Amino acid sequence: RYNHQWIDNSNLLIYGYQGAYKIVNVESMTVTKEGKFALPAKTGLTGPVVGFAEVKDNKMHVGYWYGDEKYPAAVKAGKTNYATGTAYFAVFDYPAMNNLVYSEDNRSTSPGNDRNGVLKTFRYNDDLYILTSPFEMVAQNWDRPHGIYRIKKGASIVDPTYFYNLSEKLNGDAVLGGGYAGNGKLLIRRIRMDVALTWASYGFG
């Protein structure tokens with residue numbers, strides 16, 4: 001599974017959910033930089049799983065999460081957690097990819113998502129906003145809401161004063177993607193959890 005993000009009109013960032021990335025100059029069709037995001041492994045956990053990567057203000061912003069096979073079941077019939085209950089963020093200087101700053105927040109998990117072409121982030125007033133996707137199609141943590149984090153312009157850590165709880169506004173429904181419509185308006189794709197009752201509901205056989 002991979003994702004992509006335009007850095008500018010000439011350079012495309014392509015990255016996989018396990019953290020490998022390439023930067024392609026589309027004018028010369030050459031790989032100008034490649035490597036793997038310096039994200040720490042955690043003993044006893046799977047991952048990290050990369051949900052988004054985006055270059056903004058000469059910084060590479062990366063969001064990720066971890067899975068835990070032994071995570072306790074949530075208090076919902078037939079629903080078990082997999083993703084841990086924390087969202088993780090790393091910010092690198094770009095293009096050097098050094099001077100790492102890490103931050104985390106447990107108000108949600110799975111920042112971004114591992115589906116290509118689906119909205120993960122948007123910008124408003126030059127701040128970076130990040131959607132989370134903690135449902136079974138992406139990460140699976142039934143104890144954490146879908147929501148929106150923010151990294152303010154010039155900051156290298158997630159904003160501890162801001163979290164918009166989308167699940168609360170949508171009666172517990174999940175969110176996967178959408179689009180920023182401009183003028184402070186966000187269009188989201190809402191998944192009706194009273195209709196998506198099985199794995200096959202998402203279109204998988």
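Atom set for the values below is all heavy atoms of this structure, side chains included, hydrogens, waters and symmetry mates excluded. Numbering starts at 1 and runs along the sequence shown. Values in this document were obtained by computation on a predicted structure and should not be read as measured data.
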- Query: Is there a donor-acceptor pair under 3.5 Å between the side chain of R189 and the backbone N or O of G177?
  - Reply: no
- Message: Heavy-atom count check: over 12 atoms from other residues, nucleotides or ligands less than 6.0 Å from Y102 OH?
- Response: yes
- Message: Any donor-acceptor pair under 3.5 Å linking the side-chain atoms of N3 with those of D114?
- Response: no
- For the atom pair CD1 (I148) and OG1 (T132), what is the distance rounded to the nearest 0.5 Å? 8.5 Å
- Taking the six-membered ring for Trp, are the ring centroids of Y162 and Y149 within less than 6.0 Å of each other? no
- Message: Between Y164 and Y129 (judged by ring centroids, cut-off 6.0 Å), do the two rings come close enough to count as a pair?
- Response: no
- Message: Considering only residues two or more places apart or on different chains, which pairs with a residue in residues 116-136 satisfy salt bridge (Lys or Arg N to Asp or Glu O under 4.0 Å)?
- Response: E54-R123, K56-D126, D126-K153
- Query: Is P48 close to W65 at the side-chain level, that is, under 4.5 Å between some pair of heavy atoms?
  - Reply: no
- Given V175, which of L119, N113, L131 fulfils the side chain to side chain contact (heavy atoms under 4.5 Å, CB included) condition? L131
- Query: What about the rings of F122 and Y180, do their centers lie closer together than 6.0 Å?
  - Reply: yes
- Query: Between H146 and F135, is the ring centre distance below 6.0 Å?
  - Reply: yes
- Query: How about M97 and F92: do any of their side-chain heavy atoms sit closer than 4.5 Å?
  - Reply: yes
- Sequence-distant partners of Y88, ring pair (Phe, Tyr, Trp, His ring centres under 6.0 Å), two or more places apart: Y64, Y66
- Taking side chain as C-beta onward, heavy atoms only, is K169 less than 4.5 Å from L166? no
- Message: Could you check whether any side-chain N or O of N25 sits under 3.5 Å from a backbone N or O of E27, counting only pairs where one atom can act as donor and the other as acceptor?
- Response: yes
- Item | Separation of I191 CD1 from I188 CD1 (nearest 0.5 Å) | 10.5 Å
- Task: Test F37 against Y21 for ring pair (Phe, Tyr, Trp, His ring centres under 6.0 Å), laying out the working first.
- Result: CA-CA 7 Å; F37 298 127; Y21 71 89; 4.8 Å; yes
- Message: Return the CZ to CG distance between R150 and N125, rounded to the nearest 0.5 Å.
- Response: 9.5 Å
- Task: Quick one: pull up OG1 in T84 and CD in E104 and give me the separation to the nearest 0.5 Å.
- Result: 9.0 Å
- In chain order, what residues pass the side-chain contact (heavy atoms from CB on, under 4.5 Å) check against D8, with sequence neighbours excluded? S10, N11
- Query: Between the side chain of Q18 and the main-chain N/O of V49, is any donor-acceptor distance below 3.5 Å?
  - Reply: no
- Query: Among V91, D105, V101, which one satisfies side chain to side chain contact (heavy atoms under 4.5 Å, CB included) with I157?
  - Reply: V101
- Task: Taking S167 for its side chain and P145 for its backbone only, find out whether a donor-acceptor pair lies under 3.5 Å.
- Result: no
- Does R115 use its side chain to pair, donor to acceptor, with the backbone of M137 at less than 3.5 Å? yes
- Task: Report yes or no: does N81 contribute a side-chain atom to a donor-acceptor pair with the main-chain N or O of W142 at less than 3.5 Å?
- Result: yes
- Less than 4.5 Å apart, any side-chain heavy atom of Y2 and any of I14? yes
- Could you grab the distance from atom CG of D93 to atom CG of N98, nearest 0.5 Å is fine? 5.0 Å
